[in-house]
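Only one structure is covered here, and it is reproduced in the block below.
Any value given below was found using the heavy atoms of this structure, including those in side chains, with hydrogens, waters and symmetry copies removed.
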Amino acid sequence: MDTVEAILSFLVVVIIIVSLLSNLLVLICFLYSPEIRKQVPGLFILNLTFCNLLLTISNMPLTLIGVINKGQPGNGGLCQIAGFLDTFLTTNSMLSMAALSIDRWIAVVFPLSYRSKMRYKDAVLALTYTWMHSVSFSAVPTSLSWVEYHQLYASCTLCNGKANTSQFIIFTVVFHSLTFLLSLVVLCFTYLKVLKVARFHCKRIDIITMQTLVLLVDIHPSVRQRCLEEQKQRRQRATRKISTFIGTFVLCFAPYVITRMVELFLVPPIDPHWGIVSKCLVYSKAACDPFVYSLLRRQYRKTCADIINRIRKRSSLDTYGNWDENRRTCVIPTVE
């Protein structure tokens, strides 16, 4: 194992640890908080968390073994299952992010009719399509023996080792077009609409604030400056959130998808180190999704704080009870 492969192996280990802990924390928050469970976006986040956890415990360790051993981990049957899960979980994750963006678009652009447009039944229908889409594009290559160990990515994934036949090329192009490209278009459309509405509301708030500052002639300069800074932060906050949603999706998935497309038509072989890096970027999305969509939100932070406080309170009560019990048992009576 050379230095680059050692660094890549360490990177995969870090991604596995972060992804496992963060997604488990999201799952604990979902199970602990009834407020999160009753919200429609919670279903999409739960589905995304499920996909990330399963990808973390199934495919990531096999990729780590592939990088270390420079060969296929396990037998052909295990590779078939891993390849099916790789396509299914990645596709399901992308579509879940698109569903979350649609939910946010309806909530922001159509707030008064959100409850009628996005109900639990609508969320279940969206998830049903997500699963059907993912299963279909995962079952086809598995049934056609297009799932093998791919040395370029050190993973069991879509691969036609014999030759890049026309059928395999058409399937790969259609698959990534209806999964990655479709999800990206949905994300860009919905979140840019959300950003437009957010900027409009920020502009209205800024106008009211400036009018108030003009009327309050005796206001202290420091207070005026703080109000102006809050205006600037409010404008930047919406842009930063939208950029994070779209940026992480493109940064993590685009290199891998582009590499798969180039691989179909490029005659010279691609650097295997780059192939593993692109696969690690896909895995890193599972590690950053909990922070992008859940843990940095106020409701999840509050739930985490409640869980920690409850654990501390129980621990302190147990400690006090043990100390009090020990004190009672250690008391020596002075009177017979």
Problem set entry | Q72 and H150: side chain donor to acceptor below 3.5 Å | no
For this session: Not counting sequence neighbours, list each pair that qualifies as a salt bridge (charged side-chain N to carboxylate O under 4.0 Å, His left out) and has a residue in residues 58-67.
Result: none
Exercise. How about T165 and Q167: does a side-chain donor come under 3.5 Å of a side-chain acceptor?
Worked result: no
Seminar exercise, completed: Quick note, salt bridge (charged side-chain N to carboxylate O under 4.0 Å, His left out) partners involving residues 277-298, not counting sequence neighbours, are D86-K279, K285-D289
For this session: Tell me whether the centres of the aromatic rings in Y293 and F245 are closer together than 6.0 Å.
Result: yes
Problem set entry | S101 side chain to T190 side chain, donor-acceptor N/O pair below 3.5 angstrom | yes
Problem set entry | Single-linkage hydrophobic cluster, 4.5 Å side-chain cutoff, L281 and V18 together | no
Problem set entry | S243 side chain reached by R240 side chain, heavy atoms, under 4.5 Å | no
For this session: Using the side chain to side chain contact (heavy atoms under 4.5 Å, CB included) rule, take Q299 and I36 through it: C-alpha gap first, then chi angles, then the decisive distance, then the call.
Result: CA-CA 8 Å; Q299 190 174 27; I36 295 177; 3.7 Å; yes
Problem set entry | Shared hydrophobic cluster for I15 and V4 (ILVMFWY, side-chain gaps under 4.5 Å) | yes
Problem set entry | G71 backbone acceptor or donor facing N69 side chain under 3.5 Å | no
Exercise. Does any non-hydrogen side-chain atom of F291 lie less than 4.5 Å from one of S22?
Worked result: yes
Problem set entry | same_hphob_cluster(V135, L125) at 4.5 Å side-chain heavy-atom cutoff | no
For this session: For atom CH2 of W105, decide whether the heavy atoms of other residues, nucleotides or ligands shown that lie under 6.0 angstrom number more than 12.
Result: no
Problem set entry | F253 side chain near V282 side chain, heavy-atom distance below 4.5 Å | yes
Seminar exercise, completed: Here the gap from Y300 atom OH to L295 atom CG, rounded to the nearest 0.5 Å, amounts to 8.0 Å
For this session: Any pair with a residue in residues 107-116 that passes side chain to side chain donor-acceptor pair (under 3.5 Å), sequence neighbours left out, goes on the list, sorted by first then second residue, please.
Result: D103-Y114
For this session: State the CD1-CG distance between I307 and L25, to the nearest 0.5 angstrom.
Result: 7.0 Å
Problem set entry | From OG1 (T239) to CG (L195), nearest 0.5 Å | 5.0 Å
For this session: Anything under 30° is parallel, anything over 60° is perpendicular, the rest tilted; go ahead and classify W131 against F88.
Result: perpendicular
Problem set entry | Y120-Q39 side chain donor-acceptor pair, cut-off 3.5 Å | no
For this session: Indicate if V67 and L11 have the same hydrophobic cluster label, given that clusters are the connected sets of ILVMFWY residues with side-chain heavy-atom separations under 4.5 angstrom.
Result: yes
Problem set entry | Any donor-acceptor pair under 3.5 Å from D122 side chain to R119 backbone | yes
For this session: Establish, from distance only, whether the side-chain atoms of T56 and S19 form a donor-acceptor pair under 3.5 Å.
Result: yes
Exercise. If you round to the nearest 0.5 Å, how far is CG of N92 from NE2 of H133?
Worked result: 9.5 Å
For this session: State whether the side chain of S33 and the backbone N or O of F30 hold a donor-acceptor pair below 3.5 Å, judged by distance alone.
Result: no
For this session: Could you tell me whether a side-chain N or O of E5 sits under 3.5 Å from a main-chain N or O of I68, the two making a donor and an acceptor?
Result: no
For this session: Give the C-alpha distance, both sets of side-chain angles, the deciding distance and a yes or no for ring pair (Phe, Tyr, Trp, His ring centres under 6.0 Å) between F175 and F180.
Result: CA-CA 8 Å; F175 165 62; F180 169 76; over 10 Å; no
Exercise. Hey, is CZ on F10 packed in by over 12 heavy atoms from elsewhere, all under 6.0 Å?
Worked result: no
Exercise. In terms of side-chain heavy atoms, does N47 have a donor or acceptor partner in S96 at a distance below 3.5 Å?
Worked result: yes
For this session: Quick one: list whatever passes disulfide (SG to SG under 2.5 Å) with C51, sequence neighbours left out.
Result: none
Problem set entry | SG atoms of C79 and C156 less than 2.5 angstrom apart | yes
Seminar exercise, completed: C252 meets the disulfide (SG to SG under 2.5 Å) criterion, sequence neighbours left out, with none
Exercise. Excluding sequence neighbours, so at least two apart, what forms side chain to side chain donor-acceptor pair (under 3.5 Å) with Y191?
Worked result: none
